[in-house]
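Remember, it's a predicted structure, so these values are computed and weren't measured experimentally. These numbers come from the heavy atoms of this one structure, side chains and all, not from hydrogens, waters or symmetry mates. Naming: A, B, ... by sequence-line order, numbering from 1 per chain.
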Amino acid sequence: MATELKCHVGIGPTARGKALVADDNFSARYDLDRINGVFSRPQHKLAGQSYRDVILVLNTAKGGVATAWMLHEMTSRGIAPRAILFNSANTILAQGAALAGMAMCDRFEDGDVTQLIATGDDVEVDPESGVVVIHNR
Amino acid sequence: MKLSDEEKAMLAGEFGPACQWAIKHQKQVGRMFDAMDMVEVSQAHMMADPESLGDAGVEFVESIAKDGAKVAIPMITDPRGVDLSYYDPLGQTEDMANLERRFIAACTRMGIMMTDTCINYQTIMPPVRGDHVAYGDTGVVIYSNSVCGARSNFEGGPSALAAGLTGRTPRYGLHLDENRRATKRFAVTAQPKDLMDWGVLGATVGRKSGSYWEVPVIEGIEKAPTSDEIKHMGAAMASYGSTPLFHIVGLTPECPTLSDVEGERLKPVTVTDQDIADLYQPFGAHGEAVDVVVFAAPQLSLVEMGQVAALCKSRHRSETTDLIVCTPAQVYVDAKRMGFVDAIEGFGGKVLTGTCFYQQYAREIGEANGWKRLLSNSAKIVNILGGYGYLPALASMEDCIASAVKGQIV
């Protein structure tokens with residue numbers, strides 16, 4: 001049993017893990033305690049949750065350019081998501097994924113990815129093909 | 001993606017390993033955004049503070065620099081994370097300073113000019129209309145696109161470095177005419193009065209725009225803002241909305257009329273007093289003790305330095321409230337010469353050079369100095385610092401200084 005979602009061709013290697021999903025936006029600088037690997041911004045819908053080794057599923061990017069370096073820095077310490085999926089990435093997130101070697105995809109054909117995937121889903125991301133598979137349904 | 005013969009040679013490694021990394025990186029990013037080819041750029045501007053870079057980022061930049069790589073175009077830098085003349089008193093460590101020193105050495109080896117500013121459009125060399133550039137710092141990009149009519153995407157540090165090395169960037173996003181047309185139309189009813197108001201308006205429009213790929217056009221601005229006012233507006237809009245370009249009807253260069261950006265087909269959304277109040281509401285904290293007042297994000301122009309200095313004259317801050325002011329080295333020299341720095345420091349404030357507060361290990365310096373409640377007139381900085389453990393509040397420049405005197409938010 002598996003569901004296949006089509007998206008735009010993305011960046012980075014294939015990745016598989018448990019999904020962590022929120023209808024919210026993302027900036028590594030604004031939202032994260034990168035030392036402890038948790039969302040730290042009190043207003044974020046994932047506040048207090050660990051992002052380590054998950055497939056992060058969010059709406060879009062916000063804020064500044066720092067995330068481009070920060071994804072690389074987070075990956076170098078092994079405290080990073082395995083992949084990030086957006087409805088719409090911005091340039092910074094894509095550039096950061098390219099440097100970090102992190103999987104990233106956006107623009108899903110079937111609609112809002114934060115509704116298509118649920119927290120805890122077993123998700124596999126193939127950026128080269130633009131395909132995301134939900135293995136548990 | 002179509003590459004020229006020169007670009008193919010870069011890809012083949014004929015221009016050295018640094019240039020090869022750069023064009024490979026650009027191809028990856030260009031593919032994700034459907035770039036058909038590359039476009040030459042006249043300048044690059046790199047955001048790379050040591051907190052964002054970490055050890056891994058500095059090692060990466062050193063690896064790029066070690067083979068004798070040189071930038072192909074004028075390349076400048078965003079604020080640093082450590083003012084090397086004043087870091088121990090802030091609670092920054094020798095390790096932080098050393099990371100900064102290593103990064104500066106690597107950049108200098110590559111021929112990058114360490115301007116350390118996010119207001120290069122006020123201090124170094126503003127781009128001109130139609131000028132393709134590769135700028136980092138969202139405030140720099142939105143000002144350059146919107147006010148100058150230049151063409152840049154948000155180029156994060158790695159991509160700005162790549163553009164500096166290759167002298168080009170993938171042609172996607174705001175390098176293309178079709179992505180510069182308005183997609184959201186806003187009508188303003190209340191006129192902003194000061195820098196904070198312009199920032200709050202920008203933040204409101206950014207929040208309502210909500211995506212990098214939206215281009216707001218704004219109607220109803222009755223009087224041309226100053227460069228500082230529109231700087232705060234743009235910086236806040238980019239911060240809240242990831243917005244890289246806006247138009248103001250009758251004011252910004254690509255929008256003499258609404259139809260020039262095809263805005264007449266869009267339904268206008270009114271920016272109401274309630275919208276402004278909703279934006280401001282989380283940042284109101286009248287009567288509460290304030291630990292630190294910050295003027296930064298963006299760095300202060302000479303005019304802003306003069307305004308802060310005038311408010312500081314013949315007054316002194318409370319013993320329980322610090323004042324931090326961030327300005328670039330280009331401004332500091334004149335501000336010192338004109339007595340502005342002395343006035344601010346006579347008040348008990350500290351002027352930091354070439355840094356910006358939120359880019360300089362904000363969490364660590366907050367903990368080291370016991371700063372929790374922070375007050376600023378920058379809608380951008382209060383948006384950022386909640387995630388760093390601060391309780392940020394917003395007030396006009398006048399009220400910020402009055403609050404610093406009283407030790408509590410007036």
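For B/A162, no part lies under 4.5 angstrom from a heavy atom of chain A. Contacts of B/Y358 with chain A are made by both backbone and side-chain atoms, with heavy-atom separations under 4.5 Å. For chain B, the nearby part of A/L32 is the backbone; its heavy atoms alone come within less than 4.5 Å. Neither the backbone nor the side chain of B/M237 comes within contact range of chain A; no heavy atoms are under 4.5 Å apart. The part of A/R34 that comes within reach of chain B is its side chain, from C-beta onward, which places non-hydrogen atoms under 4.5 angstrom from that chain. In this structure, chain A has no heavy atom under 4.5 Å from any part of B/Q26. Using a 4.5 Å cut-off between heavy atoms, B/N383 contacts chain A through both its backbone and its side chain. In this structure, chain B has a heavy atom under 4.5 Å from the side chain of A/T60, while its backbone stays farther away. For B/V140, no part sits under 4.5 Å from any heavy atom of chain A, backbone or side chain. When heavy atoms are compared at a cutoff of 4.5 Å, B/Q359 approaches chain A by way of both its backbone and its side chain.
Between chain B and the residues A/H72, A/H8, A/Q95, the largest count of heavy-atom pairs under 4.5 Å involves A/Q95. In terms of heavy-atom pairs under 4.5 Å with chain B, the best-connected choice from A/A28, A/A89, A/S76 is A/A89. Counting heavy-atom pairs under 4.5 Å between each of B/K380, B/K24, B/E51, B/E59 and chain A puts B/E51 at the top. Note: B/I384 leads B/T138, B/V29, B/I384 in heavy-atom pairs under 4.5 Å with chain A. Contacts with chain A were tallied for B/Y172, B/F60, B/F154; B/F154 has the most, counting heavy-atom pairs under 4.5 Å.
Looking at heavy atoms from C-beta onward, B/W21 lies in side-chain contact with A/L99 at the 4.5 angstrom threshold. Counting heavy atoms from C-beta on, the side chains of B/M32 and A/R107 come closer than 4.5 Å. B/Y135 is not listed as a side-chain neighbour of A/V65, based on a closest heavy-atom distance of 4.5 Å or more.
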Exercise for the section: Run the numbers on B/S239 and A/Y30 for side chain to side chain donor-acceptor pair (under 3.5 Å), then give the verdict. Expected result: CA-CA 10 Å; B/S239 175; A/Y30 291 31; 2.7 Å; yes
Practice task
Begin with the C-alpha distance, continue with both residues' side-chain angles, and end with the deciding distance and a verdict on side-chain contact (heavy atoms from CB on, under 4.5 Å) for A/D33 and B/R363.
Solution key: CA-CA 9 Å; A/D33 174 348; B/R363 181 184 303 281; 4.1 Å; yes
Exercise for the section: Take B/Y212 and A/I92, measure what side-chain contact (heavy atoms from CB on, under 4.5 Å) needs, and give me the verdict at the end. Expected result: CA-CA 10 Å; B/Y212 183 83; A/I92 296 300; over 6 Å; no
Practice task
Show the numbers, then the answer: is there a side-chain contact (heavy atoms from CB on, under 4.5 Å) between A/T91 and B/W213?
Solution key: CA-CA 10 Å; A/T91 62; B/W213 307 101; 4.2 Å; yes
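Residues B/S242 and A/A61 share a closest heavy-atom pair of CB-O, 3.7 Å. Listed here is the closest heavy atom pair of A/A68 and B/P158: CB-CD, 3.7 Å. A/S88 and B/S211 make their closest contact through OG-OG, 4.2 Å (heavy atoms, listed as atom of the first residue, atom of the second, distance). Scanning all heavy atoms of the two residues, the minimum distance from A/A66 to B/M47 falls at CA-CE, 3.4 Å. Residue A/A94 comes nearest to B/F33 through the heavy atom pair CB-CE1, 3.4 Å, listed as atom of the first residue, atom of the second, then distance.
Separating the OH atom in B/Y240 from the CG atom in A/N25 is a distance of 13.5 Å, to the nearest 0.5 Å. Here CE of A/M70 is found 3.5 Å from OG of B/S52. Values are rounded to the nearest 0.5 Å. For the atom pair CZ (A/R29) and CG (B/L385), the distance works out to 9.5 Å, reported to the nearest 0.5 Å. To the nearest 0.5 Å, the span separating CD1 on A/I11 from NE2 on B/H25 amounts to 7.5 Å.
Around the CD atom of A/Q43, the shell of radius 6.0 Å holds more than 12 heavy atoms that belong to other residues, nucleotides or ligands.
In terms of modelled atom types and a separation under 3.5 Å, the side chain of A/S40 and the main chain of B/G387 share a donor-acceptor contact.
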